[in-house]
Participant: 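My questions will all concern the structure given below.
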2 protein chains.
Amino acid sequence: MLLINQLSKQTSIPIHTIRFYEKTGLFQGKKNPEKKSNNYNYYDEETIEKLELIGAAKMIGFTLAEIKELIEVWYSKQISKKDKIEILNQKAASIDEKIKQLKQVKKQIDLFIKEVEEFDC
Amino acid sequence: MLLINQLSKQTSIPIHTIRFYEKTGLFQGKKNPEKKSNNYNYYDEETIEKLELIGAAKMIGFTLAEIKELIEVWYSKQISKKDKIEILNQKAASIDEKIKQLKQVKKQIDLFIKEVEEFDC
DNA sequence: GGCAACATTAGACTATACTTCATACTTCAT
DNA sequence: ATGAAGTATGAAGTATAGTCTAATGTTGCC
C-alpha cells in the first residue's frame, strides 16, 4: 500500500492532481485501521492501474465524467455483464469514430503539405 | 459576403461562439467601407472554411491556440515555405501520435470486453 | 414613423480540469 | 526534541472554451 507521494512518483501525476481525481470520485484511498494516530490515505495497485487508465483516456479526449463511468464499469461487481459490455462497446465505438476523424484531418494536412511543396515558391 | 447570422446558420456554430473565436483572433470580419452608417462585420467564404477547420481540429483535441497557429500557416502569405511545411509536419506527427494512442486504448477495451464476456458470469 | 429582427460592445457567468494557498497535524532522521 | 518533509482539508485562484445578458444602434418592411 502506497502513500500519496509514492503514488505520485510511480504515475508521474502530481499529488494535487491525484487528490483532485480522488475528490472527483475516480477512486478512493483507504485509511489504515491499525494506525489511528493519523488519517493518511493508502493506495493499492489498482489505483495505479486506474491512474494509468485516466492518463490514457484523457489523452484521447475523454472527460473525467466519462472516465469515471468507464472506471465504474471496469471495476464494479454490481453492474450486469450486459450493461458492462454495452458501455464498453460505446466507448470502443467512440474511439473508432475519433480515429476516423483523425485520419480525415491527417489526410487533409498531408494534401496541404504537398500543395505547399509544389506551388508556394 | 455574409453577416454573422448567415455565417452562424451555414456553419451551425452559435453566433456567440463565432464572436468568441473572432475575438480570440482565429479570423476577422471586414467592415463595409461603402456603408458607413453601421459597423457590421462581413465574412467571406474563407471564414466558412476556417470555421470548418476549427470544428474538425477541435474534434481531434487541438486547442484554440494550436488551431490559431494552424490557420496562420494555412492562410499566411508571409510565412516561408520551409516554416509552413515544418509546422504542418508537426501537426501531422501529433495526429499520428494521437491515432497510435487511440488504437492502444481501443485494443485494451476490446480485450476487456472479451474478458467480461468469458469470465464475468 | 414605428416595430421586429438583426448588429455591436463590454462584461458577467458557467463548466471543466486543474493548481495554489492556508492551516494544521504526523512522521522521521539527527 | 526539533526541524524538515510528508499528509489532510477546505477554499480560493487559474486557464480554456464557451454562453448569456444588457445596453445601444441599424435595417427593412408595413
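Within every chain, numbering begins at 1; the chains are lettered A, B, ... in the order of the sequence lines, protein sequences first and strands thereafter. Please read these numbers as outputs of a predicted model, since none were measured by experiment.
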Participant: Nearest whole Å is fine: how far is dA15(C) P from E66(A) CD?
Facilitator: 17 Å
Participant: For dA17(C), take OP1 and OP2 only and decide whether either is under 4.0 Å from a side-chain N or O of T24(A).
Facilitator: no
Participant: Distance alone, cut at 3.5 Å: any donor-acceptor contact between the side chains of N5(B) and S8(B)?
Facilitator: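 No, because no side-chain N or O of N5(B) sits under 3.5 Å from a partner of the opposite role on S8(B).
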Participant: For Y43(A) and F27(A), take the angle between the two ring planes, folded into 0 to 90°, and tell me which bin it lands in: parallel under 30, tilted 30 to 60, perpendicular over 60.
Facilitator: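 It falls in the perpendicular class, over 60°.
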Participant: Establish, with yes or no, whether the OP1 or OP2 oxygen of dT8(C) is under 4.0 angstrom from a side-chain nitrogen or oxygen of N41(B).
Facilitator: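 Answer yes for this pair, as a side-chain N or O of N41(B) is under 4.0 Å from OP1 or OP2.
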Participant: Is a salt bridge present between E46(B) and K50(B), judged by a nitrogen-to-oxygen distance below 4.0 Å?
Facilitator: yes
Participant: Pick the nucleotide of DNA chain D nearest each of A65(B) and H16(B); which residue has the one closer to the 5' end?
Facilitator: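 Its nearest nucleotide lies further toward 5', so the answer is A65(B).
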Participant: Whole-Å distance between dA7(C) P and L2(B) CG?
Facilitator: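 In whole Å, dA7(C) P lies 11 Å from L2(B) CG.
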Participant: Give a yes/no on whether any side-chain N or O of N38(B) is located under 4.0 angstrom from OP1 or OP2 of dT27(D).
Facilitator: yes
Participant: Rounded off to whole Å, could you give me the CD1-to-C1' distance for the I4(B) and dT9(C) pair?
Facilitator: 12 Å
Participant: From the options dA7(C), dC18(C), dG18(D), select the nucleotide whose nearest atom is closest to the side chain of L64(A).
Facilitator: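 Nearest to the side-chain atoms of L64(A), counting from C-beta on, is dC18(C).
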Participant: NA contact type, Y42(B), heavy-atom cut-off 4.0 Å: base, sugar-phosphate, or nothing?
Facilitator: nothing
Participant: When all nucleic acid strands are considered with a 4.0 Å heavy-atom cut-off, which category describes T63(A): base, sugar-phosphate, or nothing?
Facilitator: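 The answer is sugar-phosphate, as T63(A) gets under 4.0 Å only of primed atoms, P, OP1 or OP2.
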Participant: What is the distance, to the nearest angstrom, from the CE atom on M1(A) to the P atom on dG6(D)?
Facilitator: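 The distance from CE of M1(A) to P of dG6(D) comes to 20 Å, rounded to the nearest Å.
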Participant: Measure from NZ or CZ of K31(A) to the centre of the six-membered ring of Y42(A) and say whether it is under 6.0 Å with the direction within 45° of the ring axis.
Facilitator: no
Participant: Write down the distance between CD1 (I67(A)) and C1' (dT16(C)), rounded to a whole number of angstrom.
Facilitator: 12 Å
Participant: In terms of the nearest nucleotide of DNA chain C, which residue is placed more toward the 5' end: I54(A) or Y43(B)?
Facilitator: Y43(B)
Participant: To the nearest Å, how far apart are N5(A) CG and dC28(C) C1'?
Facilitator: 14 Å
Participant: Is the shortest distance from a Lys or Arg side-chain nitrogen in E117(B) or K81(A) to a carboxylate oxygen in the other one below 4.0 Å?
Facilitator: no
Participant: Look at the side chain of F20(B) and decide which nucleotide, out of dT9(D), dA17(D), dG6(D), has an atom nearest to it.
Facilitator: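 For the F20(B) side chain, the nearest candidate turns out to be dA17(D).
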Participant: Measure from the side-chain heavy atoms of I15(A) and tell me the nearest of dG18(D), dT7(D), dT19(C).
Facilitator: dT7(D)
Participant: If we call it a pair only when both distances are under 3.5 Å in a Watson-Crick or G-U wobble match, what pairs with dG13(D)?
Facilitator: dC18(C)
Participant: Below 3.5 Å, does any donor atom in the side chain of Y40(A) face an acceptor in the base of dG6(D), or the other way round?
Facilitator: yes
Participant: Is it the case that one hydrophobic cluster holds both Y40(A) and Y21(A), taking links as side-chain heavy atoms less than 4.5 Å apart, direct or via other members?
Facilitator: no
Participant: Look at the side-chain N and O atoms of S37(A) and state whether any lies under 4.0 Å from the OP1 or OP2 oxygen of dT27(C).
Facilitator: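 Looking at the OP1 and OP2 atoms of dT27(C), one of them is under 4.0 Å from a side-chain N or O of S37(A).
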Participant: Whole angstrom is fine here: how far is it from CD in E22(B) over to P in dG18(D)?
Facilitator: 15 Å
Participant: Hey, does the side chain of T17(B) come within less than 4.0 Å of dA17(D)'s phosphate (OP1/OP2), counting only N and O?
Facilitator: no
Participant: Tell me: CD1 of I13(A) to C1' of dT19(C), nearest whole Å?
Facilitator: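 I13(A) atom CD1 is separated from dT19(C) atom C1' by 15 Å.
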Participant: From the options dA7(C), dG18(D), dT9(C), select the nucleotide whose nearest atom is closest to the side chain of K58(B).
Facilitator: dG18(D)
Participant: Respond yes when some side-chain nitrogen or oxygen of R19(A) is under 4.0 Å from OP1 or OP2 of dA8(D), and no when none is.
Facilitator: yes
Participant: Closer than 4.0 Å, any side-chain N/O of K23(A) to the OP1 or OP2 of dT9(D)?
Facilitator: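 For dT9(D), neither OP1 nor OP2 has a side-chain N or O of K23(A) closer than 4.0 Å.
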